[in-house]
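Below is one structure; the comments refer to it alone.
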Amino acid sequence: FGAAGAAGGALSFPVVSWGMFIFRDVMTVGAGFVFPAMVSSYMQEKRIIAQEATADIVAQLTVPMAAQAALTPIHLFALDIYNRPGKGFSDRARY
């Protein structure tokens, strides 16, 4: 499947990509279970949302979505490192 299969063998998975995937996964778990409570407390403390239940719901809905928006480029960059070995950062940014 894809260029690696056409070349006759699979590419080895780069350590940098592994690290980026691990970072993405840890941050995704944090965004789902740890960060919403912190954001809810912050919103209540700063009087952005005064009611605890409302702040909890808002944080539980928005923090994971915001995290995905921030972490998706990391995921795609890790895949690009695997799929296009030997390219520099400027080549990847242009793509």
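Here, residue 1 is the first one in the sequence, and each next residue gets the next number.
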Write down the atom of [X], the atom of [Y], and the distance for their closest heavy-atom approach.
| X | Y | result |
| --- | --- | --- |
| Gly32 | Pro64 | CA-CG, 4.3 Å |
| Ser17 | Ala78 | OG-O, 2.8 Å |
| Ile81 | Met20 | CD1-SD, 3.8 Å |

Without placing hydrogens or testing angles, list every side-chain donor-acceptor pair under 3.5 Å for residues 46-60, not counting sequence neighbours.
from	atom 1	to	atom 2	distance (Å)
Gln51	OE1	Thr54	OG1	3.1
Asp56	OD1	Ser40	OG	2.5

Does [X] share a hydrophobic cluster with [Y], counting links as ILVMFWY side-chain heavy atoms below 4.5 Å and allowing steps through other members?
| X | Y | result |
| --- | --- | --- |
| Val16 | Phe77 | yes |
| Val63 | Phe23 | yes |
| Met38 | Leu71 | yes |
| Tyr42 | Met27 | yes |
| Val34 | Met43 | yes |

Seminar exercise, completed: Interatomic distance, CG@Leu76 vs CG@Asn83, rounded to 0.5 Å, equals 10.5 Å

Exercise. Considering only heavy atoms from C-beta outward, does the side chain of Arg24 approach that of Thr72 to under 4.5 Å?
Worked result: no

Problem set entry | Non-neighbouring partners of Phe13 that pass ring pair (Phe, Tyr, Trp, His ring centres under 6.0 Å), sequence neighbours left out | Trp18, Phe21, Tyr82

